[in-house]
Amino acid sequence: MQACQLLSVLELLHILTALEKKSFLATFFQVTERLVILFLVITSQEEVQSKCIVCLLFFLWNLWDVIRYPYLLLSTIGIDYPALTWLYHTLWIPVQPLSLVTEVFTVNESLPYFEALGTYCYTMSLPFVVSIHFPYILKAYLVLLSAGVLYTCNHLYSKRKLYLKQQELKLKVK
């Protein structure tokens with residue numbers, strides 16, 4: 001799972017090099033949220049890795065990716081497969097909010113372990129003492145996570161509306 005999520009960074013490079021015509025910000029939010037959850041929350045706490053919610057989270061991520069990547073590949077080379085296109089424009093409606101809920105639950109499940117073990121918590125002596133308490137950062141991250149998913153859903157909704165409008169025009173022409 002770690003290797004697959006690291007490879008998803010290539011998606012950002014494809015957008016920057018104009019290989020794909022997608023929203024950089026929406027893709028950035030999705031890739032970043034997954035990397036943070038996977039590497040900072042799940043991988044760093046062994047106790048969290050065995051939770052059922054992590055299995056559900058991985059299932060939802062992969063369910064979306066199994067549809068998303070073939071659709072993006074085919075649309076990049078100009079092939080329209082109607083069933084896959086419809087799935088791409090529809091499946092995000094339940095998957096994105098459910099992913100958000102499972103990500104929030106995963107972070108909440110990990111908080112006691114971060115507090116007990118002090119993982120990623122630091123105190124620095126500058127001209128004044130600065131303490132970085134990672135559970136507080138994770139709680140603030142949940143707000144950013146929600147905003148990122150909301151932005152991504154809004155972007156996907158706009159694409160869905162455009163797709164449905166194009167389908168309606170095709171039916172009128174016939």
Side-chain angles (χ1 to χ4, degrees), residues 1-15 20-76 79-114 119-120 134-135 137-164:
M1 186 55 104
Q2 290 174 338
C4 290
Q5 291 308 317
L6 281 174
L7 284 173
S8 69
V9 173
L10 291 174
E11 201 173 344
L12 296 172
L13 294 174
H14 291 163
I15 295 168
E20 291 182 49
K21 292 173 177 62
K22 291 176 39 181
S23 168
F24 178 80
L25 197 55
T27 306
F28 176 77
F29 282 139
Q30 184 169 16
V31 169
T32 305
E33 80 184 33
R34 289 180 177 195
L35 292 176
V36 167
I37 297 290
L38 180 62
F39 287 100
L40 292 179
V41 176
I42 296 171
T43 304
S44 67
Q45 296 297 331
E46 226 174 280
E47 297 83 0
V48 176
Q49 295 171 15
S50 61
K51 301 277 185 187
C52 291
I53 195 70
V54 173
C55 182
L56 179 60
L57 177 63
F58 289 168
F59 172 77
L60 290 170
W61 283 356
N62 290 317
L63 177 65
W64 175 236
D65 286 347
V66 161
I67 300 302
R68 186 168 63 105
Y69 286 125
Y71 168 77
L72 293 173
L73 173 71
L74 291 175
S75 58
T76 300
I79 297 173
D80 181 37
Y81 188 70
L84 186 63
T85 303
W86 182 85
L87 267 175
Y88 173 78
H89 290 290
T90 306
L91 189 64
W92 69 267
I93 296 170
V95 170
Q96 289 291 345
L98 284 173
S99 292
L100 173 64
V101 170
T102 56
E103 288 167 2
V104 168
F105 195 77
T106 301
V107 169
N108 282 331
E109 285 285 309
S110 72
L111 286 174
Y113 301 109
F114 281 110
T119 310
Y120 303 129
F134 191 65
I137 294 171
L138 278 179
K139 289 175 186 176
Y141 174 72
L142 291 178
V143 175
L144 293 173
L145 178 67
S146 301
V149 170
L150 183 63
Y151 179 84
T152 302
C153 285
N154 189 32
H155 173 72
L156 290 169
Y157 178 70
S158 298
K159 287 176 65 173
R160 178 181 165 78
K161 274 188 2 186
L162 181 64
Y163 165 73
L164 291 175

Original post:
What is the distance from atom OG1 of Thr106 to atom CG of Leu56, rounded to the nearest 0.5 Å?
Top reply: 8.0 Å

**OP:** Using the test ring pair (Phe, Tyr, Trp, His ring centres under 6.0 Å), find all partners of Phe29 that sit at least two apart in sequence or belong to another chain.
**Re:** Tyr151

**OP:** May I ask you to test the Gln30-His155 pair for a side-chain heavy-atom distance under 4.5 Å?
**Re:** no

Original post:
How about Ser146 and Leu150: do any of their side-chain heavy atoms sit closer than 4.5 Å?
Top reply: no

Original post:
Does some side-chain heavy atom of Trp92 sit less than 4.5 Å from a side-chain heavy atom of Ser99?
Top reply: no

Original post:
Is a side-chain donor or acceptor of Gln49 paired with a backbone partner of Ile42 at a separation under 3.5 angstrom?
Top reply: yes

Original post:
More than 12 heavy atoms of other residues, nucleotides or ligands under 6.0 Å from CZ of Phe59: is that the case?
Top reply: no

Original post:
Do you see a donor-acceptor pair shorter than 3.5 Å between the side chains of Thr152 and Gln96?
Top reply: no

**OP:** Check Val95 against Leu60 and note the closest heavy-atom contact, atom names and distance.
**Re:** CG1-O, 3.7 Å

Original post:
Would you say the side chain of Asn62 lies within less than 4.5 Å of the side chain of Met1, judging by non-hydrogen atoms?
Top reply: yes

Subject >> Sole residue of Leu38, Ile37, Val48 in side chain to side chain contact (heavy atoms under 4.5 Å, CB included) with Val54 >> reply: Val48

Original post:
For the side chain to side chain contact (heavy atoms under 4.5 Å, CB included) test, which of Leu144, Leu145, Leu100 pairs with Glu33?
Top reply: Leu145

Original post:
Going by the angle between their ring planes, with limits at 30° and 60°, are Phe134 and Tyr120 parallel, tilted or perpendicular?
Top reply: perpendicular

Original post:
What heavy-atom pair brings Pro82 and Tyr163 nearest, and what distance separates the two atoms?
Top reply: O-OH, 4.3 Å

**OP:** To the nearest 0.5 Å, tell me how far Lys22 NZ sits from Phe24 CZ.
**Re:** 11.0 Å

**OP:** Indicate yes or no for a side-chain donor-acceptor contact from Thr119 to the backbone of Phe114 under 3.5 Å, with no hydrogens or angles considered.
**Re:** no

**OP:** Would you mind reporting whether Val107 and Glu103 have side-chain heavy atoms less than 4.5 Å apart?
**Re:** no

Original post:
Using 30° and 60° as the class limits, which term best fits the ring planes of Trp64 and Tyr88: parallel, tilted or perpendicular?
Top reply: parallel

Subject >> Any donor-acceptor pair under 3.5 Å from Thr90 side chain to Leu87 backbone >> reply: no

Original post:
Out of curiosity, Thr102 OG1 to Phe58 CZ, how far, rounded to the nearest 0.5 Å?
Top reply: 10.0 Å

Subject >> Worked check of side-chain contact (heavy atoms from CB on, under 4.5 Å) between Arg34 and Asp65 >> reply: CA-CA 12 Å; Arg34 289 180 177 195; Asp65 286 347; 2.6 Å; yes

Original post:
Can you name the closest pair of heavy atoms from Ser110 and Leu138 and give their distance?
Top reply: OG-CD1, 4.2 Å

Subject >> Distance in Å, Phe105 CZ paired with Leu98 CG, rounded so as to fall on 0.5 Å steps >> reply: 13.5 Å

Original post:
What closest approach, in Å, do Leu72 and Thr76 show between heavy atoms, and which atom pair accounts for it?
Top reply: O-OG1, 2.6 Å

Original post:
What is the distance from atom CH2 of Trp61 to atom CG of Leu57, rounded to the nearest 0.5 Å?
Top reply: 4.5 Å

Original post:
Within a reach of under 6.0 Å around CZ of Phe39, are more than 12 heavy atoms found that belong to other residues, nucleotides or ligands?
Top reply: yes

Subject >> Rounded distance (nearest 0.5 Å) linking atom CG of Leu6 with atom CG of Leu35 >> reply: 6.0 Å

